[in-house]
K.L.:
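Handing you this structure, nothing more for now.
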Amino acid sequence: MDNVSFPENFSLGVASAATQIDGDCKTSNWYDWFKKGHVKDGSNPDITTMHRKFLREDTELMASMGIRHYRFGLEWARLEPQEGVFSDEEFDKIREEILLLREKGISPLVTIHHFSNPLWFEEKGGFLCSDNLKIFLRLTEKVVEKLGDLVSEYVTINEPNVYAVSGYLDGDFPPGEKNLFKTLKVIKNMGICHRRAYDRIHALRGKMGYSDTKVGFAHHMRAFAPYHANNPWYHLCANTSEYLFQGQISKRYLRGTTKDRGSYADFLGLNYYSRTASKGFADSTFPGVPVNDLGWEIYPQGIVDCCTKLHKMMPNLSIYITENGTADNSDAFRTRFIYEHVKALCESGLPVTRYYHWCFVDNFEWIDGFTARFGIVNFNTETMERTVKGSGTFYQKMIENKGVTAEMAAAAMAEVYPIGTHC
Ligand code: BGC
């Protein structure tokens, strides 16, 4: 079986988001969404893995597995519980976490916005309302003022397309709207936020005397393919979906618009999970392909295809896989998933320097609660105990070996993917 050697400068990390692991927050729109009954298994985001209480244990576990990069998100609702009132205590807690990470040799990549909002911001219209953008920028400045001496790398916004489509088109996420115009407006407004935040983070850290600042956004991209290769309508659907869901975002967020043409990233952040088979504008999957527990196609070549698209736009930038992972509740095929995706990246010749696995400890999976598990570490919801899974041990060994030995590869490829029946 094929072994894999990591290219020089390629390293592995793990990623998370505050709402999915921290718990202890009743002032966010996600707590409100849970209270309204939108989380399938009734899991409460106020509880989750209580990472903040298990900070030392989680960080030590991460370090013991050789993990040297950690992407994590901030909970805006805790940092600014009331409009314009920031909590020094909360920033101190985050500083404590970052200091602990640094002590263990783990470098932080901080996500400023990862899906959740303070309820007060949501009630003011969130990112839909152009007047509110300055509120996000004020938060950004506060974050840099408070953490800028410890953190050089930032993701401004996580997956603006998923945030906008899930919240304003599909209605699965708060605020639960179904309106295409609003969706497009949110995407546009978040783009403005990203570009302004990019400038401000650089300016502020520059004033603080640092020249090592790196800023990007985490773009969710899928591979899109026509359901039948020779059907022109399906081709049109694939191309249009590709453009609306991700192409326009890559262009505008990275390069600006006619009003602010420029360069708004120091790395290309990609979150990649799956491929969509297009035969309309809703997601569908090819029949008979490997799928995960949520029915998402497992398609490793797609990660390279998406990286290639980003790379063509800004060939001088390094690519960070800011998320990649899979829902596999019994950890039956995650090792193979990781192996095949990492292998595809390492063999692509593209300048991919980081791979952050989503996620570390099984977490609160938004509307799926704890029914979909993405972690390389198991979380026992009753005892809160963390146990490294087989895929976690594989991950640790990849880090140790700076690659995958033939023996590890053979074991990974012996895992069997479920086969989908959807169409
Ligand atoms: C999000 C994560 C989420 C993951 C798996 C990504 O779209 O950024 O928050 O847990 O997908 O669904």
Side-chain angles (χ1 to χ4, degrees), residues 13-23 25 28-30 33-34 38-41 43 45 48-49 51 70-76 109-117 154-170 172-174 186-187 190 194 216-223 245-246 249 253 269-276 283 285 291-299 302-303 306 320-329 334 337-338 341 354-377 379 391:
V14 286
S16 72
T19 316
Q20 297 181 264
I21 60 170
D22 283 349
C25 181
S28 84
N29 61 338
W30 268 91
W33 200 238
F34 149 76
H38 294 288
V39 177
K40 283 181 195 155
D41 61 348
S43 298
T48 69
T49 73
H51 170 65
Y70 181 41
R71 173 184 169 220
F72 64 98
L74 304 177
E75 185 63 83
W76 184 0
L109 168 60
V110 168
T111 308
I112 299 175
H113 189 272
H114 194 129
F115 291 171
S116 72
N117 295 323
Y154 299 84
V155 165
T156 54
I157 296 176
N158 181 69
E159 301 189 343
N161 49 1
V162 173
Y163 174 88
V165 168
S166 307
Y168 292 86
L169 191 65
D170 296 341
D172 293 335
F173 281 16
V186 169
I187 290 179
M190 285 185 132
H194 163 70
F217 78 103
H219 195 4
H220 179 107
M221 291 175 79
R222 295 182 197 159
F245 186 70
Q246 57 203 33
I249 295 184
Y253 281 50
L270 171 68
N271 293 2
Y272 173 80
Y273 288 89
S274 182
R275 172 165 76 162
T276 294
D283 289 348
T285 308
V291 293
N292 73 10
D293 291 353
L294 292 171
W296 304 355
E297 182 181 352
I298 297 172
Y299 182 63
I303 200 168
C306 294
Y320 290 3
I321 304 302
T322 33
E323 285 180 31
N324 175 239
T326 197
D328 171 12
N329 289 2
R334 181 175 289 103
F337 179 99
I338 295 173
H341 285 77
R354 303 254 182 93
Y355 173 93
Y356 291 88
H357 186 74
W358 185 274
C359 54
F360 184 51
V361 178
D362 289 332
N363 62 28
F364 171 78
E365 188 46 47
W366 309 111
I367 54 166
D368 290 308
F370 273 93
T371 64
R373 294 187 173 240
F374 281 77
I376 52 173
V377 174
F379 175 64
S391 54

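Note that the coordinates shown come from a computational prediction; the quantities given were computed from them, not determined experimentally. Atoms within a ligand are numbered from 1 in the order they appear, just like the ligands themselves. Atoms considered below: every heavy atom in the structure, side chains included; atoms not considered: hydrogens, waters and symmetry mates.
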K.L.:
Measure centre to centre between the rings of W33 and F173, then say whether the value is under 6.0 Å.
P.N.:
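So the answer is no for these two rings.
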K.L.:
Give the numbers and elements of all ligand 1 atoms closer than 4.0 Å to a heavy atom of N158.
P.N.:
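By the 4.0 Å cutoff, the relevant atoms are 8 (O).
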K.L.:
Looking only at distances, please establish whether an N/O atom of ligand 1 is found under 3.5 Å from an N/O atom of N363.
P.N.:
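The answer is no, given that N363 and ligand 1 share no N or O pair closer than 3.5 Å.
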K.L.:
Looking at E365, which atoms of ligand 1 are within less than 4.0 Å of one of its heavy atoms?
P.N.:
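Atoms satisfying the 4.0 Å criterion: 3 (C), 4 (C), 5 (C), 10 (O), 12 (O).
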K.L.:
Determine whether the side chains of E75 and T19 contain a donor N or O and an acceptor N or O closer than 3.5 Å.
P.N.:
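A donor-acceptor contact under 3.5 Å links the two side chains.
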K.L.:
Are side-chain N/O atoms of N158 and Y163 paired as donor and acceptor at under 3.5 Å?
P.N.:
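The answer is no; no qualifying pair exists.
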K.L.:
Could you check, using the six-membered ring where one of them is a Trp, whether F337 and H341 have ring centers closer than 6.0 angstrom?
P.N.:
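Yes, the ring centres sit under 6.0 Å apart.
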K.L.:
Which is closest to atom 4 (C) of ligand 1 in terms of heavy atoms, Y163, W366, Y273, F115?
P.N.:
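Going through Y163, W366, Y273, F115 one by one, Y273 has the nearest heavy atom to atom 4 (C) of ligand 1.
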K.L.:
If you measure from each non-hydrogen atom of Y272 to ligand 1, which part falls under 4.0 Å: side chain, backbone, both or neither?
P.N.:
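No part of Y272 is near ligand 1 at this cut-off.
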K.L.:
Report the member of H114, E159, Q20 with the shortest heavy-atom distance to atom 7 (O) of ligand 1.
P.N.:
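Heavy atom nearest to atom 7 (O) of ligand 1 belongs to E159.
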K.L.:
Centroid-to-centroid, Y356 to Y70, below 6.0 Å?
P.N.:
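No, they do not, as the ring centres are separated by 6.0 Å or more.
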K.L.:
Under 3.5 Å between any N/O of W296 and any N/O of ligand 1: does that happen in this structure?
P.N.:
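No; the residue has no nitrogen or oxygen that sits under 3.5 Å from a nitrogen or oxygen of the ligand.
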K.L.:
Report the nearest protein non-hydrogen atom to atom 6 (C) of ligand 1: residue, atom name, distance rounded to 0.1 Å.
P.N.:
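For this ligand atom, the closest protein heavy atom is E323 OE1, 3.0 Å.
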K.L.:
Less than 6.0 angstrom separating the ring centers of W358 and H114, yes or no?
P.N.:
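W358 vs H114: aromatic centres under 6.0 Å.
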